[in-house]
Amino acid sequence: MTSPNRLNGGLIDRDQPLNFIFDGRQYSGFKGDTLASALLANNVRLMGRSFKYHRPRGPMTAGSEEPNALVELRTGARHEPNTRATTAELFEGLTAKSQNRWPSLKWDAMAINDRLSSFLTAGFYYKTFMWPTSFWEKVYEPIIRKAAGLGTLSHQPDPDNYDKGYLHCDVLIIGAGPAGLAAALTAGNSGASVILADEDYLLGGRLNSETHTIGDESGADWAAQTVAELQTMPNVRVMNRSTVIGSFDHGVYGVVERVSDHRPKPLTGKPRQILWRVYSKHAILSAGATERPIVFENNDRPGIMLASAMRSYANRWAVTPGKALAVFTNNDDGHKTAVDLTTLGVRVTVIDSRENAPSSGSYETIAGGRITNTAGRLGLTHVEVTTTSCTIRSLEVQGLGVSGGWNPNVQLTCHQRGRPQWDEALSAFVPGGVLPKGLVPAGAANGVFSTQWALRSGQQAATEVLGHLGKKSETIAFPEAEDAPAKIEPFWHVQGAKRAWVDQQNDVTAKDITLAHQENFVSVEHLKRYTTLGMATDQGKTSNIAGLAIMAEVSGKNIPEVGTTMFRPPYTPTAIGAFAGRSRDEHFRPVRKTPSHFWAEEQGAVFVEVGMWLRAQWFPRAGETHWRQSVDREVLQTRNSVGVCDVTTLGKIDVQGDDAAEFLNKVYCNGFAKLAVGKTRYGLMLREDGVAMDDGTAARLAEDHFVVTTTTANAIGVYRHMEFVRQCLFPDMNVQLISTTEAWAQYAVAGPNSRKLLQKIVDPEFPIDNEAFPFMACSEITVRGGLRARLFRISFSGELAYEIAVPTRYGDALMRCLMKEGEEFDVVPYGTEALGVMRIEKGHAAGNELNGTTTALNLGMGRMVSKKKDSIGSTLSEREGLNEDDALKLVGFKPVDLANPVPAGAHLMTKGSPVDAKHDQGYVTSACYSPNLGHHIGIGYLKSGDTRKGEIVRLVSPLTNVDHDVEVVSAHFIDPEGERLRA
Amino acid sequence: MPNLQAITPLGNKEPVTETYGPVTLTEITDIALASVSARLGREQDTAAALEAFLGTPPPGAAEHCGNNLSAFWMGPDQWMIEAPFETHEDLAARLAGTSPNAYSVTEQTDAWCRFDLKGPSLSDLFERLCAADTHAFTGGEAVRTSIEHLGCFVLCRTQNHFSVIGPRSSAGSLYHALVTAFRSVF
Amino acid sequence: MLINHPILGPRDASEFVYLGDANLIHRPDWQAEDALAQFTKYGYLRDNPAGEHRELWFHEQGDRSWLIVTRNTLTHEISKVEMARDVASAEGRSK
């Protein structure tokens with residue numbers, strides 16, 4: 001395979017040829033090539049079709065700002081669309097495909113859009129597909145999506161790992177061109193901790209793309225040596241392939257390091273990319289500048305690129321788009337391309353828009369010329385030049401370099417409050433407004449364009465931040481380097497009748513901008529959204545300024561008056577996987593396992609996620625085919641004999657100190673000061689607005705020691721709230737708090753045989769008969785021969801019940817022990833479903849009832865709110881609106897036709913009244929099938945419910961077609977007198 | 001001792017020891033823990049009692065100290081005491097008995113899982129796991145921070161010996177995070 | 001964002017949980033004659049300054065201290081961080 005466009009020289013390794021495939025054809029390139037440079041070397045200029053009009057396109061740039069050469073890289077699950085060929089490093093076997101074309105890149109059916117372009121101007125979709133509304137989602141959008149667009153997805157899970165990390169430094173240097181390298185050397189020598197990050201795999205920035213020398217060396221050699229020197233410094237971390245994607249508050253930067261993208265696939269165990277969060281005291285923005293095009297007719301043909309990119313391809317990659325080239329420029333920089341390529345044996349003609357253009361003996365310059373059209377359907381063949389004398393010349397060329405001047409890469413200065421300001425001399429925006437704190441721009445990013453001054457600027461920036469850090473650095477005497485002034489005469493746009501492309505990624509033309517102006521889009525932000533200028537993945541790096549210039553032209557303003565749009569993170573498109581990091585699939589968030597988890601797995605338990613906890617939902621047995629069979633059995637067996645449930649997930653907070661009881665008096669609406677040692681009490685916690693926050697129990701283990709339980713869901717929030725009350729409201733209260741949720745494995749042992757079972761486990765010196773250990777007793781005990789444990793006689797199920805706690809490491813063994821010792825009682829483990837059924841049967845409130853809108857009064861606990869003491873929420877719970885006569889009250893519901901369900905969420909209506917919100921009487925909060933009663937039951941809130949027992953109300957749920965009668969009953973379906981609890 | 005078989009946070013009878021490149025990861029289960037919080041006005045008594053118990057004054061903010069008996073800082077006037085489980089399973093009761101009412105003691109032994117990492121370049125691992133600047137650690141630091149959404153203590157005992165102490169119920173998730181980072185780094 | 005913890009130095013904001021206006025420490029006296037009105041104001045009325053704002057943050061993934069952070073809502077600049085408990089004590093809050 002020959003590479004017709006390969007030149008001599010370059011920074012590629014010709015000893016390492018690499019084979020690759022593009023659109024099914026095999027080519028070869030060299031190590032050091034990008035996909036774009038390797039394709040150009042093989043005389044492939046056409047690399048993709050444009051977004052909207054399906055115009056043939058080739059690379060416009062040689063870097064991450066590329067709008068056109070987007071390809072689908074790799075195959076299978078690693079297939080990645082919209083990858084810039086200009087940054088994709090070549091590796092052996094790389095496979096790429098052009099995108100947004102069908103059936104082939106050279107013959108694309110949707111190129112018909114290009115013929116219809118006079119209809120498809122800015123706002124076409126808004127104007128055309130307005131009605132009927134229902135058509136948008138079903139008809140228009142799918143068609144438009146298919147026709148317009150970028151690459152396709154693999155529809156397979158990403159097989160790679162992504163990592164996250166955190167780095168700290170004194171100085172983050174963004175960009176390793178001459179300014180960044182000078183800054184890094186200066187800061188590194190001072191001993192400061194330095195991170196030098198650059199998106200490229202080869203550090204040096206433009207030094208690798210230019211023929212400039214620094215002292216006696218080539219710029220590239222100087223860069224390589226400087227990088228080598230920096231790598232020997234222990235306080236400097238040099239990161240290539242690392243893009244600083246965002247600047248955030250207080251010196252925090254996001255950096256994506258592409259660890260493995262230059263390999264066919266990541267090495268075993270290694271991440272594809274790492275998203276670093278960098279904490280910097282200072283940062284130096286030495287991100288360089290991006291060249292901008294001049295807009296003219298048919299300026300988008302493959303082979304037309306930025307003049308600097310043409311130079312990069314020639315000097316760094318030894319590639320030319322053809323043997324005859326032209327350069328269209330409004331400044332001196334464009335001439336560098338002509339000089340370098342002429343030296344490499346390529347014929348170049350320069351068209352300079354300035355009448356006083358410099359001339360050269362080695363190539364032809366057409367001063368005051370303009371490119372007025374181009375030709376070549378799938379690649380540039382001719383450019384049409386109009387001279388000052390209005391004669392028209394046609395040049396036969398395969399490539400055209402365009403140079404409209406340089407834009408400093410100010411993006412990161414804008415991620416917070418910075419707003420770039422216009423520099424008239426440079427005809428460019430430079431960093432302005434309030435820069436991110438600690439950030440100093442340097443070099444071309446700050447509008448300093450010569451190599452010599454970039455080095456000095458980098459050194460100055462480093463010296464400045466070192467001063468803030470109190471560190472000193474010796475001034476480095478850099479060798480002489482290129483110091484050409486940036487001579488530019490603004491020239492943005494060649495007027496013409498045909499289409500001239502401004503934003504090539506989103507297919508926005510100069511005509512679109514004019515149209516937007518005619519339709520009275522004045523604000524630049526509106527212009528952006530109406531035309532989509534600068535809204536593509538490149539955020540308009542090569543297009544914004546030309547768009548603003550044309551807007552200024554048509555509106556009779558100047559560019560700073562038109563203003564700029566915002567730049568936002570990320571600086572370049574970033575894989576979503578990098579943001580997810582390790583948090584994906586089953587590791588999306590941590591899992592909390594209960595002490596009996598491993599045992600429950602052995603039993604074949606079905607688990608449910610409750611917050612981060614995995615709890616056993618039920619324990620299916622052989623022959624059970626429906627979950628209800630398992631749950632009904634667990635409920636009946638518990639109520640008939642004894643059942644065990646892991647309740648470790650309930651929050652446990654250790655409350656100690658001389659004022660512990662007084663503290664609980666503050667956080668609970670009911671009183672705790674008089675609770676005897678060895679007793680447990682139910683407590684209801686209110687928010688300050690009087691709404692119920694959480695409930696639980698507090699067990700008094702000593703005068704100055706309580707163990708408080710919270711609901712599983714609110715454990716963290718309740719602890720935070722209690723710390724707020726302790727630290728912020730009552731700082732002199734002598735109380736100490738710590739969570740002990742995980743320290744103890746706690747099991748509910750419920751049912752008439754629970755005492756008999758526990759008596760086999762609790763050591764005999766701790767009697768637990770009804771007299772010694774009555775309802776609501778608590779005690780520190782020992783079990784199984786001296787293991788410290790805690791026993792609470794509390795009941796959520798309504799049965800004679802206990803909760804027993806042992807240190808967590810013994811929890812697994814205690815569960816096995818309870819099951820073994822309980823065999824004679826036919827003990828049953830029960831899960832959260834049976835737990836729920838039993839508490840609904842008993843009418844105990846839980847999260848569904850404490851739902852953030854209900855008060856103690858609603859819960860039927862209005863009298864619990866003590867008026868004799870101050871507690872959180874007690875004052876505001878007295879508000880009139882919370883105490884109306886027909887306030888909701890918690891009651892039970894029983895279907896009139898016992899075959900009917902009582903779905904939770906259904907609403908209650910008075911018989912005969914209309915079914916609408918105005919006549920709403922309440923709603924069902926929790927419901928279940930009661931195996932003890934043999935029918936469905938529910939509990940919920942009904943206006944004045946406590947006085948309406950026996951009334952038949954209508955239960956409706958229009959969404960689920962429920963409409964039947966239920967009887968209002970007590971919420972306590974089982975043992976309303978509480979005899980079982982006290983047995 | 002009780003006739004109940006303890007299991008490790010990862011759910012095994014014996015703690016896990018694994019080697020990744022130059023680093024060894026060990027699940028530590030033979031340490032008893034108890035928190036000590038000074039009561040208001042008794043801060044000096046608490047410090048004195050802890051010094052008597054530890055043989056060294058209690059550590060300052062974000063620090064740890066001690067050897068066989070050791071302690072790390074948890075919050076203002078609050079420390080976690082570490083002692084060998086074999087001899088101090090009753091650590092909380094012992095501490096509570098030392099100086100009654102000067103401080104509040106809570107048993108914490110089984111609230112936590114602990115993984116010890118020994119080997120070189122451990123900060124290269126921790127920079128993938130938490131925001132703490134472990135490269136600056138020289139030994140004696142104790143930072144509470146989050147690792148993969150889990151609130152953990154990261155203790156630098158020496159530069160070649162770190163402990164990660166995290167919530168016991170999430171031991172499996174923490175272990176996975178550590179192992180993933182190991183594979184990624186070493 | 002970084003919060004410069006008075007004891008622990010700069011810590012990432014992701015370690016903290018935000019509550020809101022630091023005036024929440026000014027809980028009224030429940031026995032005041034107009035307690036209901038005072039509590040209503042305390043519970044529901046907040047300033048919404050464009051500029052410096054004193055607010056409560058809880059160091060949940062850290063030492064469990066409540067902090068009062070003075071933050072400029074326009075610039076996110078944090079000019080002061082105090083231990084809420086010290087501020088509450090200094091303001092005369094006790095038991």
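Below, each value reflects all heavy atoms present in this structure, side chains not excepted, and no hydrogens, waters or symmetry copies. Each chain gets a letter, A, B and so on, in the order its sequence line appears, and its residues count up from 1.
Contact of A171(B) with chain A is not made at all, since no heavy-atom distance falls under 4.5 Å. Heavy-atom distances place no part of D90(B) under 4.5 Å from chain A, backbone and side chain included. The parts of L129(B) that come within reach of chain A are both its backbone and its side chain, each placing non-hydrogen atoms under 4.5 angstrom from that chain. Contact of I147(B) with chain A is not made at all, since no heavy-atom distance falls under 4.5 Å. Only the backbone of F186(B) comes within contact range of chain A, with heavy atoms under 4.5 Å apart. The contact between K593(A) and chain B is made by backbone and side chain atoms together, counting heavy-atom distances below 4.5 Å.
Counted by atom type alone, Q656(A) and T106(B) present one or more donor-acceptor pairs between their side chains at under 3.5 Å. Defined by atom type and a distance below 3.5 Å, a donor-acceptor pair is present between the side-chain atoms of Q736(A) and S104(B).
The side-chain heavy atoms of I738(A) and Q78(B), taken from C-beta on, include a pair separated by under 4.5 Å.
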message: salt bridge (charged side-chain N to carboxylate O under 4.0 Å, His left out) for E148(B) and R589(A)? Distances and angles first, verdict last.
response: CA-CA 8 Å; E148(B) 287 293 309; R589(A) 58 179 182 180; over 6 Å; no
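Look at E127(B) and R237(A) and you find a salt bridge, because one of the NZ, NE, NH1 or NH2 atoms lies within 4.0 Å of a carboxylate O, short of that distance. For D704(A) and R39(B), the salt-bridge test passes: some basic side-chain N is under 4.0 Å from an acidic carboxylate O.
Ring to ring, H176(B) and H587(A) are close: their centroids are under 6.0 angstrom apart.
Separation of atoms OG (S583(A)) and NE2 (H149(B)) is listed at 3.5 Å; rounding is to 0.5 Å.
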